[in-house]
Amino acid sequence: MEPARSVAEARQIQERLRERLVFRPPRGFKPRVVAGADVAFDKARNLAFAAVVLIELDSLETVETATAALPISFPYVPGYLSFRELPALVAAWESLRQRPDVAVLDAHGYAHPRRMGLACHAGLEFGLPAIGCAKSILCGEVGELAEERGARAPLVDPKSGEELGWALRTRDRVRPVYLSVGHLIDLPTAAELILRLAPGGRYRFPETTRRADRLAAEYKSGG
DNA sequence: GCGACAG
DNA sequence: ATCTTGTCGC
């Protein structure tokens, strides 16, 4: 991943990379292994602990995991999360023996000020379909959506009216997750996948992010 | 100038 | 993201 020494430089990199994004799945896209990725931080040690978990879609069994720790090289600035989390994520990703079919990131993809969130950046970096599944909104607005699991409502840019992603309910009467395309995927395909990864409406987040989050936390605290 | 603001 | 125990609710 190309590093950035300033926010201005990071912005130029985002504006250049966004031209490469593709918003449709590969021909005959039939994912079998899905990757979940997340990063935990330790300010005192100035380290970022990345974790990648590979899950078989049919059984939801974890089939492989990978971790990597790197010094924190960029501050948290809304809109520039990639430059803080992606370096460590790429390091972990490169130690994987198996190539997954799609990756789910705990962040936004297209639903970003410059349409180039972490899920987009990761998709380009990994050369794989990638989905953004965030806990809260970075930009855009959503209307009301039904209380039942499976309900969805568009996340739109109030200025242009453009659809940035979807608010998707994974559990009855529980706050939705915010879905957006990263790379080589479309919203309907992404939503179907996320619902399969959060079966029975038991948890709000898909298994990919739950397991990657837990692994990153364990790795950080020595394990 | 004043808010908003993924993780 | 991170600091942190118990606690209210289905």
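Throughout, a chain's letter reflects where its sequence line sits, starting with A, and its residues are numbered from 1. Values in this document were obtained by computation on a predicted structure and should not be read as measured data.
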TODO: Nearest whole angstrom, please: distance from the P of C:dG9 to the CZ of A:Arg204.
DONE: 21 Å

TODO: Would you mind reading off the distance between A:Leu89 atom CG and B:dG7 atom P, rounded to a whole angstrom?
DONE: 14 Å

Task: Candidate nucleotides B:dG7, B:dA6, C:dC10, ranked by approach to the side chain of A:Asp38 - the nearest - done: B:dG7

Task: A:Leu179 CG - B:dA6 C1' separation (whole Å) - done: 14 Å

Task: Value in whole Å for how far the P atom of C:dT2 lies from CG of A:Asp213 - done: 8 Å

Task: Along DNA chain C (nearest heavy atom to each residue), the more 5'-positioned of A:Phe41 and A:Arg173 - done: A:Phe41

- [ ] Would you indicate what A:Ala111 reaches in the nucleic acid, counting non-hydrogen atoms under 4.0 angstrom: base, sugar-phosphate, or nothing?
- [x] nothing

Open item on the list: Can you tell me if A:Lys135 touches the phosphate of C:dA1, counting only side-chain N or O atoms and a distance under 4.0 Å to OP1 or OP2?
Closed with: yes

- [ ] Measure from the ring center of A:Tyr110 to the ring center of A:Phe23 and say whether it is less than 6.0 Å.
- [x] yes

Task: Interatomic distance where CG belongs to A:Leu118 and C1' belongs to C:dA1 [whole Å] - done: 13 Å

Open item on the list: Tell me the closest heavy-atom pair linking A:Leu70 and A:Ala91, and the distance in Å.
Closed with: CD1-CB, 4.1 Å

Open item on the list: So if I take every side-chain heavy atom of A:Lys220 and compare against C:dC3, B:dA6, B:dG7, which nucleotide ends up nearest?
Closed with: C:dC3

Open item on the list: Heavy atoms from C-beta onward define the side chain here; which of C:dA1, C:dC10, B:dG7 lies closest to that of A:Tyr76?
Closed with: B:dG7

Open item on the list: Counting the atoms with a prime plus P, OP1 and OP2 as sugar-phosphate, which does A:Ile137 contact under 4.0 Å by heavy atoms, base, sugar-phosphate, or nothing?
Closed with: sugar-phosphate

Open item on the list: Considering every strand and a 4.0 Å limit on heavy-atom distances, what is the contact class for A:Asp106: base, sugar-phosphate, or nothing?
Closed with: sugar-phosphate

Task: Length of the line joining A:Arg171:CZ and C:dG9:P, which is rounded to integer Å - done: 16 Å

Task: Pairing of A:Glu207 and A:Arg196 as salt bridge, 4.0 angstrom limit - done: no

Task: A:Arg175 atom CZ, neighbour heavy-atom count above 12 within 6.0 Å - done: no

TODO: Over all heavy atoms of both residues, which pair between A:Pro100 and A:Leu128 is shortest? Give the atoms and the distance, please.
DONE: O-CD2, 3.3 Å

TODO: Would you mind reading off the distance between A:His108 atom NE2 and B:dC5 atom P, rounded to a whole angstrom?
DONE: 10 Å

TODO: May I ask you to say what A:Gly132 touches in the nucleic acid, namely base, sugar-phosphate or nothing, with a heavy-atom cut-off under 4.0 Å?
DONE: nothing

- [ ] Could you check whether A:Phe49 gets within reach of a base, just the sugar-phosphate, or nothing at all, counting any heavy atom under 4.0 Å?
- [x] nothing

TODO: Ignoring backbone atoms, establish whether A:Ser136 has a side-chain N or O less than 4.0 Å from OP1 or OP2 of B:dC5.
DONE: no

TODO: Name the nucleic acid region contacted by A:Ala134, choosing base, sugar-phosphate or nothing; use a 4.0 angstrom heavy-atom cut-off, strictly under.
DONE: sugar-phosphate

Open item on the list: Below the 4.0 Å mark, does C:dC3 have OP1 or OP2 next to a side-chain nitrogen or oxygen of A:Lys43?
Closed with: no

Open item on the list: With a 4.0 Å cutoff (strictly under), does any side-chain N or O of A:Tyr178 reach OP1 or OP2 of B:dA6?
Closed with: no

